[in-house]
Number of protein chains: 2
Amino acid sequence: MSSAQQAPVIILVRPQLGENIGKAARAMLNFGLTELRLVAPRDGWPNPMAGPTSAGADIVIAGALVFDTLAEATADINHIYATTVRKRGVTKPVVTPEQAAKQIHRASGRSAILFGTERSGLAAEEVAMSREIITVPINPEFGSLNLAQAVILCAYEWSKFQSLASPTRTELEPSAPQGELDGMIDQLFAMLEDRGYFFPIERTAVTQGTLRNLLTKPAWNSGEVRTFRGILNVLKKGKGAGRIIEG
Amino acid sequence: MSSAQQAPVIILVRPQLGENIGKAARAMLNFGLTELRLVAPRDGWPNPMAGPTSAGADIVIAGALVFDTLAEATADINHIYATTVRKRGVTKPVVTPEQAAKQIHRASGRSAILFGTERSGLAAEEVAMSREIITVPINPEFGSLNLAQAVILCAYEWSKFQSLASPTRTELEPSAPQGELDGMIDQLFAMLEDRGYFFPIERTAVTQGTLRNLLTKPAWNSGEVRTFRGILNVLKKGKGAGRIIEG
């Protein structure tokens, strides 16, 4: 099954403000979701207020499908998840967005996530149509997720299971070979010895061990080792070295 | 270590609109984060526009601390994460919000997450102050996360680790607070300037950024910072300093 088929449909049930539909579209597309369905949007559809807040998620807005009833909107859906903020008196499994994303990714058939109207959420009979409930674990003393935020958390979790959305990790330069590091450390030790840093003399090995640990810790790459040696070269000259002719 | 100490500080750097500060506060409190710091907010602070969009997150708004500079805002922070949308040409580890949350949860010492100004994000020198970069893996063809959305994803990921029993680990020395690191870096910069290291002069900021990255990478602890400053003190004396009477 292709990832496009596994991607959940986002269904907004009786959304009120076009702005919020636009924000939901933006949230979706950020994480690669494109299929939006609207059930009985209060102000009709298309809604001119949706475009600006979608921040360019035209593909989602233009492709949005409108239905009169939730039954029609979900007729082709195999797995329906209802989002709720508060606990409901229904006996359905409750999952986190993360658990739902994992299930959706593995599911055979189409999945959809329902989001209720801005002020009051999904009605009991709408929740009743779903197989499972998604509840975002939230601060029990301050639960104030808006529609687009609820959408973005679900879309974000889904995207984690998509190889498309996997981060192209910035390849870090490998740390410098030990020989380069040793050269740098030897240079520093010579300078420090020159300044009488190693005192008392019998503690020299211990002190050098401490410094070696300190300078090994960064795992500097070759360029960084060169930069540090450049610093040492400059510092070696001494204060006002430019004005002193060295014999 | 209590969970309150582990909770990251959210630092908004040069935020423009009070509305967005309010939305960020709301996003934070939804997932139990309460410590907000503002660096040079464009319209000053307090900002009457922040309250309404915070949706009642008064505890966050009222407790927000304001700083003139990022250095001051991070002086007591041990682990700084910078959020960026695009790839940066810096050699720092890049982690997802989830990986960062895991690290923050286990870290010893205080963590902070930096978010840049709305339009352009963090400046290169601000990123340079951070130990690691958080990038939200996003649709490569449509990356349009706003400030509050970036905050909510980081806060949400952090909250997931809160319910888990925190392991009692053998703590490594925490890395030094940023203020100590800044002091060390300033000392080196002064010495290098004295030697004419920053040449040509117009490249100074770029060069300093490179050095800052280099010296931020080790995550040296307080003792290591002191040792390095001791080295700098000795090197400052110049070659054969012991035999020269300084005027």
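Chain letters run A, B, ... following the sequence lines, proteins first and then strands; every chain starts at 1.
Contacts with chain B were tallied for A/Thr227, A/Leu145, A/Ile152; A/Leu145 has the most, counting heavy-atom pairs under 4.5 Å. Among A/Ile138, A/Asn30, A/Leu153, the residue making the largest number of heavy-atom pairs under 4.5 Å with chain B is A/Asn30. Note: A/Ser144 leads A/Ser144, A/Gly223, A/Gly32 in heavy-atom pairs under 4.5 Å with chain B.
Both the backbone and the side chain of A/Ile231 come within contact range of chain B, each with at least one heavy atom under 4.5 Å from a heavy atom of that chain. Both the backbone and the side chain of A/Asn146 come within contact range of chain B, with heavy atoms under 4.5 Å apart. Contacts of A/Ala155 with chain B are absent, with no heavy-atom separation under 4.5 Å from either backbone or side chain. Interface residue A/Ser54: only backbone heavy atoms are found under 4.5 Å from chain B.
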Is there a side chain to side chain contact (heavy atoms under 4.5 Å, CB included) between A/Lys102 and A/Val95 once you walk through the steps? CA-CA 10 Å; A/Lys102 202 173 295 181; A/Val95 295; over 6 Å; no
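Closest approach of B/Arg195 to B/Leu235, counting heavy atoms only: NH2-O, 3.6 Å. Nearest approach of B/Pro218 to A/Trp220, heavy atoms of both residues: CG-CZ2, 4.3 Å.
Judged by distance alone, with hydrogens and angles left aside, the side-chain atoms of A/Thr53 form a donor-acceptor pair with the main-chain N or O of A/Glu19 at under 3.5 Å. No donor-acceptor pair closer than 3.5 Å links the side chain of B/Asn221 to the backbone N or O of B/Pro174. A donor-acceptor pair is defined here as one N or O able to donate and one able to accept, closer than 3.5 Å; no such pair exists between the side chain of A/Thr34 and the backbone of A/Val60. For the pair B/Glu125 (side chain) and B/Gly209 (backbone), a donor-acceptor distance under 3.5 Å is absent. Although no hydrogens or angles enter the test, the distance criterion places no donor-acceptor pair under 3.5 Å between the side chain of A/His105 and the main chain of A/Lys160.
At a heavy-atom separation below 4.5 angstrom, chain A is approached by B/Leu188, B/Met191, B/Leu192 within residues 180-193 of chain B.
B/Tyr156 and B/Glu98 share no donor-acceptor pair across their side chains, judged by distance under 3.5 Å alone.
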